[in-house]
Amino acid sequence: MSFDRSIKIAPSILSADFANFGAECEAIEAQGADWVHVDVMDGHFVPNITFGPATCAAIRPHIKTVMDVHLMIAPVDPYIEAFAKAGADIITAHVEAGPHIHRTVQAIRGAGAKAGIALNPGTPASAVAELLDMIDLVCVMTVNPGFGGQKFIDMTAKVRALRDMIGDRPIHIEIDGGVDPTTAPLVAAAGADVLVAGSAVFRGGSVTDPAPYGANIRAIRAAAEA
Ligand code: DX5
Ligand code: ZN
């Protein structure tokens, strides 16, 4: 994985057909996805449950780009090794998910993955200030995590603050929640480069009719790059 700040669209398979993850990953990549965003939820840190490392390992052979695993689980440390072994390129943990985010980041990098930190809407940019020299991505949540299809919460001031703090460091700023062609330009202008989108990518399409995925991805990218 090389680093650049070009706009990358990362469809979230939270909005995919859960009985067809392999084909869905292949379809979104064929339709222009840059990364595949994989949402892991535990029913404890967030009020919803998705799947764990075994499903990630099963999906992995169907992803040629980047497997971007977003862990919405607490505790997180006991599971990092399993998600790394499952083939995650990036493992993102929430700063709110435990008392030792520094240790968590060390564990992610120690397991051989790139390390991301996610910030809930109520968490300030300053939460990552002491970690900037050891992370690869900051995920700014623009919804409270747990569900797809929620309304975008404007976090552009936080994105700007992070962009300033990051400076020349090779750290991606990812936006997760409510991203569509209307909201994408706001966060892109503020300095975000990775745009996660679930409902706005998968709407109107399916594995047997994937062309809408491509149109949706192109619409988000064009809006962000404008
Ligand atoms: C929310 C997840 C997101 C979600 C985004 O908890 O982390 O990745 O799938 O879905 P949309 O794009 O529909 O808001
Ligand atoms: Zn996510």
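All ligand and atom numbering here is 1-based and tracks the order in the structure.
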Practice task
Test Asp209 against Ser206 for side-chain hydrogen bond (donor to acceptor under 3.5 Å, both in side chains), laying out the working first.
Solution key: CA-CA 5 Å; Asp209 177 24; Ser206 69; 5.3 Å; no
Practice task
Distance to 0.1 Å, residue and atom name: give those for the protein heavy atom nearest to atom 1 (C) of ligand 1.
Solution key: Phe147 O, 3.6 Å
Problem - Gap separating the CD1 atom of Ile73 from the OG1 atom of Thr50, nearest 0.5 angstrom - result: 9.5 Å
Problem - Residue selection (non-hydrogen contact nearest atom 2 (C) of ligand 1) among Asp39, Ile13, Asn144 - result: Asp39
Handout entry: Where the Zn ion (ligand 2) is the vertex, angle from Asp39 OD1 to His37 NE2 to 10°
Key = 90°
Fill in the blank from the handout: The closest protein heavy-atom partner of atom 6 (O) of ligand 1 is Gly146 N, 2.8 Å
Problem - Per-atom contacts, ligand 1 versus Gly177 - under 4.0 Å to a heavy atom - result: 14 (O)
Exercise for the section: Can you sort out which atoms of ligand 1 are near Pro145, meaning under 4.0 Å from one of its heavy atoms? Expected result: 6 (O)
Handout entry: Pair Asp39, Ser12: side-chain N/O donor-acceptor within cut-off below 3.5 Å
Key = yes
Practice task
Write out the residue and atom name of the closest protein heavy atom to atom 12 (O) of ligand 1, then the distance separating them to 0.1 Å.
Solution key: Gly198 N, 2.7 Å
Fill in the blank from the handout: To the nearest 0.5 Å, atom NZ of Lys8 lies from atom CG of Asp193 at 4.0 Å
Problem - SB check Lys114 Asp89 (cutoff 4.0 Å) - result: no
Handout entry: Min N/O separation Gly149 to ligand 1 under 3.5 Å
Key = yes
Practice task
Rounded to the nearest 0.5 Å, what's the gap from CE on Met67 to NE2 on His62? Could you check?
Solution key: 10.5 Å
Fill in the blank from the handout: A student checking ligand 1 against Met41 at a 4.0 Å heavy-atom cut-off should list atoms 6 (O)
Completion exercise
the protein heavy atom lying closest to atom 10 (O) of ligand 1 turns out to be Gly148 CA, 3.6 Å
Problem - Candidate list Ile7, Thr182, Val179, test side-chain contact (heavy atoms from CB on, under 4.5 Å), partner Ile220, passing option - result: Val179
Handout entry: Under 4.0 Å to a heavy atom of Ala197 - the qualifying atoms of ligand 1, by number
Key = 12 (O)
Practice task
Kindly confirm or rule out an N or O of Gly178 lying under 3.5 angstrom from an N or O of ligand 1.
Solution key: yes
Practice task
Mark up the atoms of ligand 1 that fall under 4.0 Å of a heavy atom belonging to His70, in ascending order.
Solution key: 7 (O)
Handout entry: Any N/O pair Ser12/ligand 1 closer than 3.5 Å
Key = yes
Completion exercise
In ligand 1, the atoms that come under 4.0 Å of a heavy atom of Met72 are 6 (O), 7 (O)
Problem - Heavy-atom nearest neighbour in the protein, as seen from atom 3 (C) of ligand 1, with distance rounded to 0.1 Å - result: Asp176 OD1, 2.8 Å
Handout entry: Polar side chain donor-acceptor pair, Asp176 to His70, under 3.5 angstrom
Key = yes
Problem - Ligand-side contact atoms (ligand 1) for residue partner His37, heavy atom cut-off under 4.0 Å - result: 8 (O)
Completion exercise
shortest atom 13 (O) of ligand 1-to-protein heavy-atom contact is with Ser199 OG, 2.5 Å
Practice task
Kindly state each residue pair satisfying ring-ring contact (aromatic ring centres under 6.0 Å, His included) with at least one member in residues 130-158, sequence neighbours excluded.
Solution key: none
Problem - Per-atom contacts of ligand 1 with Val196, taking only distances under 4.0 Å to non-hydrogen atoms - result: 8 (O)
Exercise for the section: Measure up the Phe202 and Tyr213 rings against each other and bin them: parallel (under 30°), tilted (30 to 60°), perpendicular (over 60°). Expected result: perpendicular
Exercise for the section: Could you tell me the angle subtended at the Zn ion (ligand 2) by OD2 of Asp176 and ND1 of His70, rounded to 10°? Expected result: 90°
Exercise for the section: Flag yes if more than 12 heavy atoms outside Phe21 fall under 6.0 Å of its CZ atom; otherwise flag no. Expected result: yes
Completion exercise
Value for CD1 (Ile117) from CD1 (Ile135), rounded to nearest 0.5 Å, stands at 4.5 Å
